[in-house]
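Heads up, the thing below is written out as structure tokens.
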Amino acid sequence: MKDKLEALKAEALTKLQAVNDPQILNELRVKYLGKKGELTEVLRGMGGLSAEERPVIGQVANLVRSAIEEVIGAKQELFQQQETESRLNAEKIDVTLPGRGMPQGGIHPLSRVIQEIEDIFIGMGYKVAEGPEVETDYYNFEALNLPKNHPARDMQDSFYITDDILMRTQTSPVQIRTMQAMNGEPVKVICPGKVFRRDDDDATHSFQFHQIEGLVIGRNIRMSDLKGTLQQFMKEMFGPSAGIRLRPSFFPFTEPSVEVDVSCFKCGGEGCRLCKQSGWLEILGAGMVHPNVLRMGGYDPEVYSGFAFGMGAERIAMLKYGIDDIRYFYTNDMGFVKQFKGI
Ligand code: DAH
């Protein structure tokens, strides 16, 4: 019986040592140590032993069992370790890998200029108003003192949707819409937005561009208020040494009307290529709101007066950043837009 046990031990240990799969290990454990296993089978024969032999064989059997258990235990631990290790390997993160680049965008130079202009006027107490890009003939022309067949309409040909509906050619219709909405209350707004003209595109013309309109209405609003406001705006936009000059002009919706120039910020007024040697840059149109326009907006010209101005955002951006072709703003050339990222 002792020989049987030793043989069983030798066989079990050899097989167990060779195992490298947890499932087979478990099968072997059942085969040798299980209730119906081989060791139990051998021990079942103990009943036929003498009283002296029994404890001796019992001891041998226990040693065999613990030897087998020990090997199984060691193997289980090894498998456990191997599994942990391979899991760790699979989940390993290489923290030394360089990060993936996230390209950072920038604000488009045109948006930047519009925001800057808005900020300056908001700082002076203005509100920002917007109006529709598809307008009626009434708001775009008639209410601005440009009746049908008025010759000044020729300068602003548009894209017509019907005889009476068009893409707005200027932000000035927002003047009328704002006056009507304010219902006789004082007005102080700027109106940025897209405008459209039937022009052939070239370096300085585009069929669509952006304007920023300004409108102030109240009692005793005078030409000097217009001049002071624009002077202050130019200083904030182009630097403290910027001066302005007013030249007489014509717009149907203002009387008197002026063309406003700013002293050339590049040469300081000496004359250079940017200002075409004149020392001045033409920046915007302005004037005192025409009585007819006040009336059409619902304000009594005997009581109220006001001033208005309008400027092109592209023109200001081109002057400010030295851009020589308006088409750059719309062609999405990364080489162009990237230059303005850090400004
Ligand atoms: N709407 C004019 C244009 O597009 C610009 C302008 C001139 C606006 C004088 C005004 C103004 O408000 O007073 O040419």
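When a ligand or atom number is given, it counts from 1 through the structure's own listing order.
At a heavy-atom cutoff of 4.0 Å, ligand 1 is surrounded by Q156, Q170, S172, Q175, R197, Q211, E213, F251, F253, T254, G285, A286, G287, A308, F309, G310.
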Apply ring-ring contact (aromatic ring centres under 6.0 Å, His included) to F233 and F121, showing your working. CA-CA 8 Å; F233 164 68; F121 281 103; 5.0 Å; yes
Would K15 and E11 count as a side chain to side chain contact (heavy atoms under 4.5 Å, CB included) here? Give the steps. CA-CA 6 Å; K15 283 203 172 157; E11 184 204 304; 3.7 Å; yes
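The distance from atom OG of S224 to atom CD of Q231, rounded to the nearest 0.5 Å, is 13.0 Å.
Using the six-membered ring where Trp is involved, Y299 and Y304 have ring planes that are perpendicular, over 60° apart on the 30 and 60° scheme. Using cut-offs of 30° and 60° for the angle between ring planes, the F250 and H150 rings count as parallel.
Between the side chains of E27 and Y32, no donor-acceptor pair of N or O atoms lies under 3.5 Å.
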